[in-house]
Engineer: 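Got a structure for you, written out below as structure tokens; questions coming shortly.
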Amino acid sequence: MSDNSTDTGLAPVRLGTAVRGENPPQVFVLSDRVPGEAIDLSQLFENSGRPRVASMIDFLEQGSEADDALKSLLLEGPVDALSAAAVPESELNWLAPIPRPGKILCSLGNNPQIDYEPDHDQPWPRSLYFIKANSSVIGPGANIEVPDGIGVVQPEAEFCAVIGKRAKLIGDDVENYIFGYTMLNDVTAAGLSLMEVAHLGVPMVGGRKERFTFRPMARYKGMDTFAPLGPHIVPTWSHDDPLNDPITTRRDGVVVQEGSMADQRYNIWEVVKGIADWITLEPGDVVSCASIPQHPDWPLRRADLRGDDGQGSTIEVGSRRIGKLINPAVVVPAQGRDSMRDSIAKAEATAYRQ
């Protein structure tokens, strides 16, 4: 929301949501000015005469005045004032920075490794996008649960904007509507997606039918736990180069994706503007710039969350400035969700054969 960046030479300021002991979740801030500690934002604001902060969305809804106050306190305020509101970071259990965003909107086909069909060899003159279920959000360290029998499940590292104020038909002044940046692992059940195809014929005037193919994403991208988010949010005024922030995905320590937003067809500001032309964005909404490119040795379907032994893996989605979002992926009982097991296996054998 603040549009005047400050270069302090310090590591970026990072905001997140965490639990300390038996207390309810609170917003905490990490700053090099109080190393090893996390500043309780609500306490910091109360100590400085500002309204308390109930949640990350509550902070965002307080608007630019709250953002400017945070920036001033962190960059210019006395260290003693920061320390008075701080606790040891080791005592915190980090959650997703926004545990339940209002909306998660993701760019589609923005990765230049993805080709358009031969009869549509030019990309659309705007970003395409879809909505991911906000109930699929989890935070750092939480398990990604992969139901047995749904086939290949892949990680997708995505650079995201966190909306700071209501945005609709915003023109070119996009960054003024963004509070900061975070990471999303857009977990995708690629095997299941092969089953999510409907060839529809819609009755039209004169008895003819319009025929088209529809591939809904709600299930294979929106399952519970399929949206690890975080680990923190870096405000726009503390991120020195969003376009070139290096991003990697590791499965069990091996790099399977690497790149940056500079690799995308459309950058995050163009994606936000494109969405806001059609869908009103609210404080706390998350907008993703789509998956970064695959490592040459790891084609998309090979980086399976089930691991080489089929039992699971550890997935790390990381950005140099935002931090590492690490989640174990575990295979869980199907509980009736494996009715398509044989069909998925057959479709994968055809689609993914080497």
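Here, residue 1 is the first one in the sequence, and each next residue gets the next number. What you are looking at is a predicted structure, and each value in this text was computed from that prediction instead of being measured. We use all heavy atoms of the structure for the numbers below, so side chains are in, but hydrogens, waters and symmetry mates are not.
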Engineer: Is R251 paired with D308 through a side-chain N to carboxylate O contact shorter than 4.0 Å?
Structural biologist: yes

Engineer: Do P231 and I322 make a side-chain contact, defined as non-hydrogen atoms from C-beta onward lying under 4.5 Å apart?
Structural biologist: yes

Engineer: Do M223 and P147 touch side chain to side chain, with heavy atoms closer than 4.5 Å?
Structural biologist: yes

Engineer: Y181: what forms a ring-ring contact (aromatic ring centres under 6.0 Å, His included) with it, not counting sequence neighbours?
Structural biologist: F159, H239

Engineer: Identify, with sequence neighbours excluded, every residue that meets side-chain hydrogen bond (donor to acceptor under 3.5 Å, both in side chains) alongside T248.
Structural biologist: R250

Engineer: At what distance, to the nearest 0.5 angstrom, does CD1 of I275 lie from CD1 of I170?
Structural biologist: 10.0 Å

Engineer: Answer whether the closest heavy-atom distance between the side chains of V271 and N267 falls below 4.5 Å.
Structural biologist: no

Engineer: Which pairs of donor and acceptor atoms, one on a side chain in residues 81-93, lie under 3.5 Å apart (sequence neighbours left out)?
Structural biologist:
residue: S83; atom: OG; partner: V79; partner atom: O; Å: 3.2
residue: E91; atom: OE1; partner: R20; partner atom: NE; Å: 2.7
residue: E91; atom: OE1; partner: R20; partner atom: NH2; Å: 2.8

Engineer: Closest heavy-atom contact between G312 and V331?
Structural biologist: N-CG2, 4.2 Å

Engineer: Using the test salt bridge (Lys or Arg N to Asp or Glu O under 4.0 Å), find all partners of E282 that sit at least two apart in sequence or belong to another chain.
Structural biologist: R166

Engineer: Per the ring-ring contact (aromatic ring centres under 6.0 Å, His included) rule, what does the pair list look like for residues 308-327, sequence neighbours excluded?
Structural biologist: none

Engineer: Less than 4.0 Å between a side-chain N and a carboxylate O, is that true for K273 and D277?
Structural biologist: yes

Engineer: For residues 287-299, which residue pairs qualify under salt bridge (charged side-chain N to carboxylate O under 4.0 Å, His left out), counting only residues two or more places apart or in two chains?
Structural biologist: none

Engineer: My understanding is that a hydrophobic cluster links ILVMFWY residues whose side chain heavy atoms are under 4.5 Å apart, including indirect links. Using that, what else belongs to the cluster containing V19?
Structural biologist: L95

Engineer: With sequence neighbours left out, write down each residue that passes side-chain hydrogen bond (donor to acceptor under 3.5 Å, both in side chains) with T17, or none if nothing qualifies.
Structural biologist: none

Engineer: Please round to the nearest 0.5 Å and tell me the distance separating atom CG of L41 and atom CG of L15.
Structural biologist: 6.5 Å

Engineer: Any side chain to side chain donor-acceptor pair (under 3.5 Å) pairs touching residues 138-149, not counting sequence neighbours?
Structural biologist: D148-R341

Engineer: Tracing side-chain links under 4.5 Å among I, L, V, M, F, W and Y, which residues wind up in one group with V330?
Structural biologist: V332

Engineer: Among Q154, E158, Q257, Q264, exactly one meets side-chain hydrogen bond (donor to acceptor under 3.5 Å, both in side chains) together with S291. Which residue is that?
Structural biologist: Q257

Engineer: Would you kindly say whether D172 and W269 are connected by a side-chain donor-acceptor distance under 3.5 Å?
Structural biologist: no

Engineer: Report yes if the side chains of I144 and P228 come closer than 4.5 Å at any heavy-atom pair, otherwise no.
Structural biologist: yes

Engineer: Would you check if N327 and L325 make a side-chain contact, meaning some heavy-atom pair closer than 4.5 Å?
Structural biologist: yes

Engineer: Quick check on the 6.0 Å ring-centre criterion: do F226 and Y220 meet it?
Structural biologist: no

Engineer: Got a list of side-chain donor-acceptor pairs under 3.5 Å for residues 182-199, not counting sequence neighbours?
Structural biologist:
residue: T182; atom: OG1; partner: H232; partner atom: O; Å: 2.7
residue: N185; atom: OD1; partner: E156; partner atom: N; Å: 3.1
residue: D186; atom: OD1; partner: K132; partner atom: NZ; Å: 2.5
residue: D186; atom: OD2; partner: K221; partner atom: NZ; Å: 2.8
residue: T188; atom: OG1; partner: E156; partner atom: OE2; Å: 3.2
residue: T188; atom: OG1; partner: D186; partner atom: O; Å: 2.9
residue: T188; atom: OG1; partner: K221; partner atom: NZ; Å: 2.7
residue: S193; atom: OG; partner: A190; partner atom: O; Å: 2.5
residue: S193; atom: OG; partner: R215; partner atom: NH2; Å: 3.2
residue: E196; atom: OE1; partner: R219; partner atom: NH2; Å: 2.8
residue: E196; atom: OE2; partner: R219; partner atom: NE; Å: 2.9
residue: E196; atom: OE2; partner: R219; partner atom: NH2; Å: 3.4
residue: H199; atom: ND1; partner: T213; partner atom: OG1; Å: 3.1

Engineer: Report the hydrophobic cluster partners of I326, with the cluster defined as I, L, V, M, F, W, Y residues connected by side-chain heavy atoms closer than 4.5 angstrom, directly or transitively.
Structural biologist: none

Engineer: Within the 4.5 Å heavy-atom criterion, are C289 and N110 side-chain neighbours or not?
Structural biologist: yes

Engineer: Do the charged groups of E61 and K165 touch, with an N to O distance under 4.0 Å?
Structural biologist: no

Engineer: Can you tell me how far apart CG (D285) and CD1 (I104) are? Round to the nearest 0.5 Å.
Structural biologist: 9.5 Å

Engineer: Can you tell if the side chain of Q43 reaches within under 4.5 Å of the side chain of N47, non-hydrogen atoms only?
Structural biologist: yes

Engineer: State, with a plain yes or no, whether a side-chain heavy atom of W94 is found less than 4.5 Å away from one of P140.
Structural biologist: yes

Engineer: For the residue pair S319 / D245, report whether a side-chain donor-acceptor contact shorter than 3.5 Å exists.
Structural biologist: yes

Engineer: Calculate, to the nearest 0.5 Å, the distance between atoms SG and CG belonging to C160 and L229 respectively.
Structural biologist: 6.5 Å

